[in-house]
Amino acid sequence: MPSYNPKAIEPRWQDYWDKHKTFRAPDLADKPKFYVLDMFPYPSGAGLHVGHPEGYTATDILARYRRMRGYNVLHPMGWDAFGLPAEQYAIETGTHPRVTTQKNIATFRRQIKMLGFSYDWDREVDTTDPSYVKWTQWIFLQIFDTWYDAEHKRGRPIAELPIPPEVRAQGEAAVRRYQDQHRLAYMAEVPVNWCPALGTVLANEEVVDGKSERGGHPVVRMPLRQWMLRITAYAERLLEDLEALDWSPAIKEMQRNWIGRSEGAEVDFALADGGPGRPAIRVFTTRPDTLFGATYMVLAPEHPLVPAITTPGQRAAVDAYREQAARKSDLERTELSKTKTGVFTGAFAINPVNGERIPIWIADYVLVSYGTGAIMAVPAHDERDFEFARQFGLPIRTVVRPPDDWLAQTGSTLDQLTEAYCGDGVAVDSGPFTGLPTAEFKKQITAWLEERGLGQRKINYKLRDWLFSRQRYWGEPFPILHELDEHGQRTGLMRPLTLADLPLTLPEMEDFKPTGKPEPPLSKAVDWVNVTLDGKRYQRETNTMPQWAGSCWYYLRYLDPHNDQAFVDPAKERYWMPVDLYVGGAEHAVLHLLYARFWHKVLYDRGYVSTPEPFQKLVNQGMILGEMEFTVGDRRYTEDEVEKRGDVFVLKADPTVRVEARAYKMSKSRGNVINPDQVVEEYGADSMRLYEMFMGPLEATKPWSMRGVEGVYRFLGRVWRLMIDERADELRLADAVQDVEPDRETLRLLHRTIQRVTDDLETMSFNTAIAAMMEFTNHLTRLTTRPRSVLEPFVLLLSPFAPHIAEELWQTLGHPQSLAYEPWPAYDPALVKADTVEVPVQVNGKVKARLTVPADIEDHALQEAALADVKIRPLVEGKTIRKLVVVKGKLVNIVI
RNA sequence: GCCGAAGUGGCGGAAUGGCAGACGCGCCGGACUCAAAAUCCGGUCCACGCAAGUGGGUGUGGGUUCAAGUCCCACCUUCGGCACCA
């Protein structure tokens, strides 16, 4: 096989690496460690997508590079294998999800192995494996066993939760209930997103525009008793600790927005006309400085005080509105938000700052789940309140003076606003606070309210507690038993399983279909559900955990995947953590990363991990789009049929027809999906890897191009021919390869290339690293004798990118061992420098001449040479030189 | 609407404030070949010109600077995220 034949080379080296366990990472080595992690895939039935190898190749290159730099590299792969699609498929075909899942994993493993990634396959994890589930359940029990000590800002064992004496006085059951209310994992009756088509409840995050994220099925709201994780307790730390992480500003911002911290005040509005016993209405506001402008209040329709305050005359209208709101999904609530709706309750409240009576309304633009579920409405300074006030003819009172140009621009006057002014300003019409700027007002009014017991400073978050249960079969069972009384009814008390009881595996069931009701399929496994323990009867929890559970800690299991005594050995955890580089798609920017960070912090508080954050550096690879398409309406054209005229593409045949030229997201329906199997079949894994890295910056969205793959394939062919005799029948070195000293320029270019590739690897600029190697290859191609001392380091440079061809060449160059642990080539800075350089000479910033001068030329010599140049002299003669800029060894600019 | 990222040849893209377009694709020409493919060599931002050359050019308009794709201000477009969060 004398010509480059990846099909012959690649499987052989993959076998070699497998057999020799070349990439096995020793547990605890003296070497510095480097933990480089990919977001593990969900093994879907569709097989690997070209998007997967993009991130995997990037991390693989760095893993191989770091090994050569002497690091102990941890580079693992596994399967996020619980999840809806496998179960959906199972329901449709009657196949057990375990069967489908294992089949899909086998496909994914084959495809990933065919790309030659240097994973330590001994560390492979599968979230559905009972030995993995065991520890997912164990971690859940740790969360269950933890309460959040707000004072010390950390999670602590539930046994350390202070029990108020009045609770203790009520006895053992009361204490347990009190504890259960404070656990980080707790059960609550919550309005959930019930999806009838999927037969499950979905997390808020799994609902997009009122439809299920998977499948786009409609979702309705209904109250249900569910498991919740108290992620909100960690909101502040999740926010603060972002600071020190080496993540892209975009992702950090997305997480910050999701957490949605806002600072303000809670203020109590007393009910008018009420006796001393009537409760006050508490609102949250970020603008306590606008209290004097509050002209009405709004409660969420679900607010618990609504029935109590509604006057008889308004009851019918209020009840009707509440019922209507309850039926509406979130989608309908927002979609119909063009015009605001609401109903007056008939009740009035007293504005605490001025004693004014203001009406209390209910409206669905106020959400029961945020803040206190009630607001004070300041229509002059809040867009939503302004719109509502207009709708219902409520008074609008300006209490912050807008800037004059804003008034002019909007056509407003101080008394007649045409829209709400939401900016800062100086207070007007605000009693004793009139004249204060917004920030100062906020401070003073908050203190004023606190003194009088009317309010206090308050921080609120958009982040909600995490709905953690699903009504599905294919997930981790909760390791929880519900206590039954003598009548077989649940008492509400729970008993966690112990480590010895784990893993609690799924019962084998003939029928794992959803029940069609919010009753989980596991409830049908009667034998499994009913348990007697220590003479007491229990029922197992029949919900299962969501897919996120397994992915919240898999990066820890890789450290010690076969340990059956602990989820990870503490010494190994200390050695490897944190993850030095985590690469994956931006679709996980918020949820997976936030959930994993939350679990990690709980484990950290409980002393099981040593770092407060799991992922030190995070990089999101960009999306790979399909090939460029030229379309007019639905009609597609080829590149040859169109041309560019000015800024747009038109048909060659009819230039009046404008052609849409762009690349689209790959999708089955569009028919533009690229299959990695085919690419590897045709060009080999090395070309696939190289192309995905050469397309452009890792983080950019970029279109696929088969011609581009061909381009890098040709490059590898050129590299091959640099060293291999193509005409020979046997694999042997070309005659041009000789043990001679390289010429000066070749040596310089070699060192320059080492420098460029090394620097680019450090900054993950893979595309330019490849360009540098291409340039060097072009130089070597022109040489008739090619020194071995140049080719060998070059092969090492190439090896992280295209490992199969590099191993093959390395072996042919006479090395019997894999190059995986060869030292990375070093460059000599002295050799990188050229002897002479070309320096442009500008006159008034325009290049007019070029000088070839010694690289280390002194400024004054360069200046003289520039002025003396034949092209420059006539341009400057007789003119006054106003300024002369000399950039050392780089450029001369003469300003006249 | 708000937040974030990005706009450079026919295409993907490259450029610590210092020669815009590296590298690759495509295209044009040449060599090799009976021929083709493959390969190798050369050319390829646009306009004018036989040429030497001249002028223009990094989404638009301004600004800072000896010098701006790069820095500042305003705007336009595309992509991604959030979206009644008080």
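Just so it is clear: chains get the letters A, B, ... in the order the sequence lines come, proteins before strands, and each one is counted from 1.
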Problem - Side chains of Thr232(A) and Arg464(A), donor plus acceptor under 3.5 Å - result: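 No - no donor-acceptor pair under 3.5 Å links their side chains.
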Problem - Mutual orientation of the aromatic rings belonging to Trp720(A) and Tyr4(A) [parallel < 30°, tilted 30-60°, perpendicular > 60°] - result: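 Judged by the thresholds at 30° and 60°, the geometry between Trp720(A) and Tyr4(A) is tilted.
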Practice task
Would you please classify the geometry between the Phe292(A) ring and the Phe441(A) ring as parallel, tilted or perpendicular, with 30° and 60° separating the classes?
Solution key: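 Phe441(A) and Phe292(A): tilted rings.
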Base, sugar-phosphate, or nothing for [X], non-hydrogen atoms under 4.0 angstrom?
| X | result |
| --- | --- |
| Glu838(A) | base |
| Arg256(A) | nothing |
| Ser248(A) | nothing |
| Gly711(A) | sugar-phosphate |
| Lys888(A) | nothing |

Sequence-distant partners of [X], ring-ring contact (aromatic ring centres under 6.0 Å, His included), two or more places apart:
| X | answer |
| --- | --- |
| Tyr691(A) | Trp704(A) |
| Tyr461(A) | none |
| Trp247(A) | none |
| Phe630(A) | Phe649(A) |

Which whole number of Å gives the distance between the [atom1] atom of [N] and that of [M]?
| N | M | atom1 | answer |
| --- | --- | --- | --- |
| rG12(B) | rG21(B) | C1' | 13 Å |
| rG13(B) | rG29(B) | P | 29 Å |
| rU60(B) | rU78(B) | C1' | 15 Å |
| rC45(B) | rG26(B) | C1' | 15 Å |
| rU8(B) | rA14(B) | P | 11 Å |
| rA20(B) | rC46(B) | C1' | 14 Å |
| rA22(B) | rG9(B) | P | 13 Å |
| rG62(B) | rA86(B) | P | 41 Å |

Exercise for the section: Check the pair Lys652(A) / Glu643(A) against salt bridge (charged side-chain N to carboxylate O under 4.0 Å, His left out), numbers first and verdict last. Expected result: CA-CA 6 Å; Lys652(A) 273 183 187 165; Glu643(A) 63 184 338; 5.9 Å; no
Which nucleotide in [options] has an atom nearest any side-chain atom of [X]:
| X | options | value |
| --- | --- | --- |
| Thr285(A) | rA86(B), rG81(B), rC23(B) | rA86(B) |
| Asp364(A) | rC11(B), rG4(B), rC84(B) | rC84(B) |
| Arg714(A) | rU39(B), rA86(B), rG24(B) | rU39(B) |
| Phe649(A) | rC11(B), rC66(B), rA86(B) | rC11(B) |
| Asn257(A) | rC3(B), rC23(B), rC82(B) | rC3(B) |
| Glu253(A) | rC11(B), rG4(B), rC23(B) | rG4(B) |
| Lys644(A) | rC23(B), rC11(B), rG4(B) | rC11(B) |

Exercise for the section: Just do the salt bridge (charged side-chain N to carboxylate O under 4.0 Å, His left out) check on Arg636(A) and Glu629(A) with the steps written out, would you? Expected result: CA-CA 7 Å; Arg636(A) 277 161 81 153; Glu629(A) 292 177 29; 3.7 Å; yes
Restricting to nitrogen or oxygen on both sides, can you table the protein-nucleotides 41-44 of chain B pairs closer than 3.5 Å?
none

Restricting to side chain to side chain contact (heavy atoms under 4.5 Å, CB included), what partner residues turn up for [X], sequence neighbours left out?
| X | answer |
| --- | --- |
| Ala802(A) | Asp686(A), Leu716(A), Leu798(A), Ile805(A) |
| Thr880(A) | none |
| Asn893(A) | Gln842(A), Val885(A), Leu891(A), Val895(A) |

Problem - 5'-most by nearest nucleotide on RNA chain B - Phe630(A) or Asn844(A) - result: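 Final value for this comparison: Phe630(A).
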Handout entry: Nearest-nucleotide 5' precedence on RNA chain B, Val712(A) against Thr286(A)
Key =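 Its nearest nucleotide being more 5', the pick is Val712(A).
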For the pair made of [atom1] in [X] and [atom2] in [N], what is the distance, rounded to whole Å?
| X | N | atom1 | atom2 | result |
| --- | --- | --- | --- | --- |
| Arg756(A) | rA22(B) | CZ | C1' | 7 Å |
| Tyr461(A) | rA86(B) | OH | P | 13 Å |
| Glu639(A) | rG12(B) | CD | P | 10 Å |
| Asp647(A) | rC76(B) | CG | C1' | 12 Å |

Would you tabulate the nitrogen or oxygen pairs shorter than 3.5 Å linking the protein to nucleotides 13-18 of chain B?
residue: rA14(B); atom: OP1; partner: Asn767(A); partner atom: ND2; Å: 3.1
residue: rU16(B); atom: O4; partner: Lys890(A); partner atom: NZ; Å: 3.3

Problem - Residue pairs involving residues 690-712 of chain A (criterion salt bridge (Lys or Arg N to Asp or Glu O under 4.0 Å); sequence neighbours excluded) - result: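 Qualifying pairs: Glu54(A)-Lys702(A), Glu639(A)-Arg707(A).
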Exercise for the section: Stems involving RNA chain B: give each as a range paired with a range, ordered by first number, where a stem means at least three consecutive Watson-Crick or G-U wobble pairs under 3.5 Å. Expected result: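 So the stems come out as B:1-7 with B:76-82, B:10-12 with B:23-25, B:26-31 with B:39-44, B:45-48 with B:53-56, B:59-63 with B:71-75.
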Handout entry: Residues which pass side-chain hydrogen bond (donor to acceptor under 3.5 Å, both in side chains) with Glu419(A), listed by chain and number, not counting sequence neighbours
Key =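 Once residues adjacent in sequence are excluded, Glu419(A) has no partner under the side-chain hydrogen bond (donor to acceptor under 3.5 Å, both in side chains) criterion.
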